[in-house]
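Note sheet for the following structure.
Note that these values count all heavy atoms, side chains included, but never hydrogens, waters or copies made by symmetry. So you know, we letter chains A, B, ... as the sequences are listed, proteins then strands, and number each from 1.
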Protein chains: 2
Amino acid sequence: MMTSAPKTQSSSAAAVEQLRSQIFTGKLGAGTDHLESELAEALGMSRTPVREALLVLEGQGLVDVRPRKGVRIKPLSPADMTEIYDILTELESLAAANAARAGYSDTELSRLSVTVDEMDRALRQNDLDAWAQADDAFHHELVRLGNNSRVQSIVGMLSDQVRRARLVTLHMRPLPTRSNEDHRKLLAAIRQGDAKTAHRMHHVHRTAAKEMLIQLLRKHHLNSL
Amino acid sequence: MMTSAPKTQSSSAAAVEQLRSQIFTGKLGAGTDHLESELAEALGMSRTPVREALLVLEGQGLVDVRPRKGVRIKPLSPADMTEIYDILTELESLAAANAARAGYSDTELSRLSVTVDEMDRALRQNDLDAWAQADDAFHHELVRLGNNSRVQSIVGMLSDQVRRARLVTLHMRPLPTRSNEDHRKLLAAIRQGDAKTAHRMHHVHRTAAKEMLIQLLRKHHLNSL
DNA sequence: GTATTCGTCAATGTATACATAAAGAGATGC
DNA sequence: GCATCTCTTTATGTATACATTGACGAATAC
């Protein structure tokens with residue numbers, strides 16, 4: 001599980017959490033508009049904390065605040081996906097290189113290693129959801145090991161932006177068998193402290209994933225989700 | 001001049017603009033703490049728009065909102081600089097590669113070309129400030145040509161974060177003569193549509209700049225600014 | 001029928017009053 | 001003297017009332 005308990009103190013933070021989750025689950029549909037007052041009533045609080053939450057979510061690229069037209073839940077086009085995956089490719093590759101340079105011990109790399117095993121197992125059992133979860137965990141841990149807090153937050157933000165798309169495409173895509181080889185090779189490169197190779201491996205891996213995904217979206221005419 | 005007229009409609013937007021500029025000029029010093037009510041009074045408005053502005057600035061990584069301790073203007077350590085420059089390196093390199101792939105005409109590349117000339121001229125005249133301005137313009141235009149809106153906003157955000165440091169270090173650094181060769185070569189690679197070379201050139205360029213800067217900060221014991 | 005203007009109204013932007021909760025001072029016990 | 005507990009203080013978090021503004025539609029002129 002990646003989802004840590006969202007300990008919510010203030011209403012404002014609660015609003016961010018709830019709105020985020022409603023965006024991810026589609027309860028607030030992509031491209032739909034909403035008034036501050038509606039959202040406030042739905043969340044059982046006043047407009048103030050909702051407004052503040054919306055500002056935060058706007059900063060995270062999840063909504064557009066459009067004065068007098070309501071807040072729009074940002075839809076994702078294939079062009080957006082391209083933008084985002086291009087950035088994820090670069091930043092995760094940077095993280096991979098930094099992780100390699102850091103010279104982590106096997107113990108420190110154990111989590112990463114475990115997620116690869118989990119992906120293997122999930123694949124053998126044909127359990128796509130489990131695979132996706134492990135894949136998420138892998139990327140998350142990789143970025144963590146990259147040890148650059150800003151990379152972590154930017155990657156997190158962009159991952160959030162493509163979350164909905166991932167849900168949709170997960171069951172349309174071909175089985176990611178190739179993917180796991182990539183992960184193992186990347187892990188090996190990091191173990192050996194080979195930053196160049198780690199960077200290149202991951203770059204190639206991500207680029208391939210991007211292409212596949214974009215094709216998929218175009219093929220199914222998913223121009224906005 | 002890069003600074004476009006900040007046309008300010010709402011107080012909230014005005015607060016963002018004013019606080020930003022006070023952070024950049026040092027009127028709000030790095031590492032200092034401030035109460036919402038103080039800031040509100042200083043800006044001649046109520047706490048509400050100030051709070052909203054602070055949320056935005058927090059999202060941009062310029063301040064830390066620390067309940068009951070005041071808002072802290074985020075200081076920059078050498079470690080932060082490393083993080084930021086690492087990311088700028090990757091994202092600008094991506095932009096360079098994309099610009100090359102886009103196959104721009106000479107006309108479309110003219111602005112970029114002009115900034116390189118300006119840097120040359122500034123160097124010959126030993127005008128560091130003019131050089132810095134042209135350098136900024138070059139990077140800005142490069143990123144624009146990369147045609148990825150998210151790269152543009154992330155690079156903009158991170159550039160803001162290091163703005164103060166650049167002001168301080170500008171007159172401490174060695175003359176950037178080497179830098180201009182790099183820019184010309186990059187421009188050539190983009191002209192020729194050679195994405196790989198463009199990416200590599202810029203990556204090397206930025207990495208060198210980063211190292212130089214970090215050395216500089218360490219040498220002068222600038223551990224927080 | 002169409003375009004332009006003006007008025008109306010609803011949604012946002014701002015101020016303010018109030019509730020809440022954390023930090024610090026002071027007192028009290030040991 | 002030191003620690004702990006409580007009380008006070010004060011900054012933030014939230015609700016609400018009010019001001020502002022821009023969208024939309026009705027009305028009028030052509």
Side-chain angles (χ1 to χ4, degrees), chain A residues 4-23 27-75 153, chain B residues 4-23 27-75 153:
Chain A
S4 50
K7 44 191 116 178
T8 274
Q9 309 225 359
S10 63
S11 269
S12 180
V16 172
E17 285 307 324
Q18 296 188 59
L19 291 175
R20 278 171 61 85
S21 97
Q22 293 191 13
I23 289 170
K27 194 169 168 197
L28 290 173
T32 59
D33 296 335
H34 307 273
L35 299 179
E36 292 177 359
S37 41
E38 289 174 13
L39 295 173
E41 188 174 14
L43 298 184
M45 58 184 76
S46 77
R47 274 176 54 219
T48 307
V50 172
R51 269 179 74 80
E52 296 190 347
L54 290 174
L55 278 174
V56 170
L57 295 174
E58 185 176 37
Q60 299 178 349
L62 290 175
V63 307
D64 270 339
V65 174
R66 308 170 322 144
R68 299 171 192 287
K69 296 194 169 177
V71 185
R72 172 156 299 175
I73 310 301
K74 263 202 185 173
S153 70
Chain B
S4 50
K7 45 192 111 181
T8 273
Q9 309 227 357
S10 63
S11 269
S12 181
V16 173
E17 284 308 323
Q18 296 188 58
L19 291 175
R20 278 171 61 85
S21 96
Q22 294 191 13
I23 289 171
K27 194 171 165 194
L28 290 172
T32 59
D33 296 336
H34 307 271
L35 299 180
E36 291 178 359
S37 41
E38 289 174 14
L39 295 173
E41 188 174 13
L43 299 184
M45 57 183 76
S46 76
R47 274 177 54 218
T48 308
V50 172
R51 270 179 73 82
E52 296 190 348
L54 290 174
L55 279 174
V56 170
L57 295 174
E58 184 175 39
Q60 298 179 350
L62 290 175
V63 307
D64 270 340
V65 174
R66 309 171 322 144
R68 301 175 188 284
K69 296 195 172 178
V71 184
R72 172 157 300 176
I73 311 302
K74 262 201 187 176
S153 69

### Query
Taking only residues two or more places apart in sequence, or in another chain, which ones meet A:Leu39 in a side chain to side chain contact (heavy atoms under 4.5 Å, CB included)?
A:Leu19, A:Leu28, A:His34, A:Val50, A:Leu54

Candidate nucleotides [options], ranked by approach to the side chain of [X] - the nearest:
{"X": "B:Ser46", "options": "C:dA23, C:dT14, D:dT12", "result": "C:dT14"}
{"X": "A:Thr48", "options": "D:dA15, C:dA15, C:dG13", "result": "D:dA15"}
{"X": "A:Ser10", "options": "D:dG13, C:dA15, D:dA15", "result": "D:dG13"}
{"X": "B:Glu52", "options": "C:dT12, D:dT14, C:dT14", "result": "C:dT14"}

Dump the pairs, protein N or O against N or O of nucleotides 19-22 of chain D, anything under 3.5 Å, distances to one decimal.
from, atom 1, to, atom 2, distance (Å)
D:dT21, O2, A:Arg68, NH1, 2.9
D:dT21, O2, A:Arg68, NH2, 3.4

### Query
Would you say B:Ser11 reaches C:dT14's phosphate, i.e. side-chain N/O to OP1/OP2 under 4.0 Å?
yes

### Task
Indicate whether OP1 or OP2 belonging to D:dA15 is found under 4.0 Å from a side-chain N or O atom of A:Arg47.
no

Would you kindly give the [atom1]-to-[atom2] distance between [X] and [N], to the nearest whole Å?
{"X": "B:Glu36", "N": "D:dT14", "atom1": "CD", "atom2": "P", "value": "11 Å"}
{"X": "B:Asp33", "N": "C:dA23", "atom1": "CG", "atom2": "C1'", "value": "14 Å"}
{"X": "A:Leu43", "N": "D:dT14", "atom1": "CG", "atom2": "P", "value": "12 Å"}
{"X": "A:Met45", "N": "D:dG13", "atom1": "CE", "atom2": "P", "value": "14 Å"}
{"X": "A:Leu55", "N": "C:dT14", "atom1": "CG", "atom2": "C1'", "value": "14 Å"}
{"X": "A:Leu39", "N": "C:dA11", "atom1": "CG", "atom2": "C1'", "value": "13 Å"}
{"X": "A:Glu58", "N": "C:dT12", "atom1": "CD", "atom2": "P", "value": "13 Å"}
{"X": "B:Arg51", "N": "D:dA15", "atom1": "CZ", "atom2": "P", "value": "12 Å"}

### Query
Does the side chain of A:Leu55 reach to within under 4.5 Å of the side chain of B:Val56, using non-hydrogen atoms?
yes

### Message
Do B:Asp33 and B:Arg66 make a side-chain contact, defined as non-hydrogen atoms from C-beta onward lying under 4.5 Å apart?
### Response
yes

Give me the atom names and distance for the closest heavy-atom approach of [X] to [Y].
{"X": "B:Ala15", "Y": "B:Met45", "answer": "CB-SD, 3.9 Å"}
{"X": "B:Ala53", "Y": "B:Ser12", "answer": "CB-O, 4.0 Å"}
{"X": "A:Ala30", "Y": "A:Lys74", "answer": "CB-O, 4.5 Å"}
{"X": "A:Thr32", "Y": "A:Gly29", "answer": "OG1-O, 2.5 Å"}

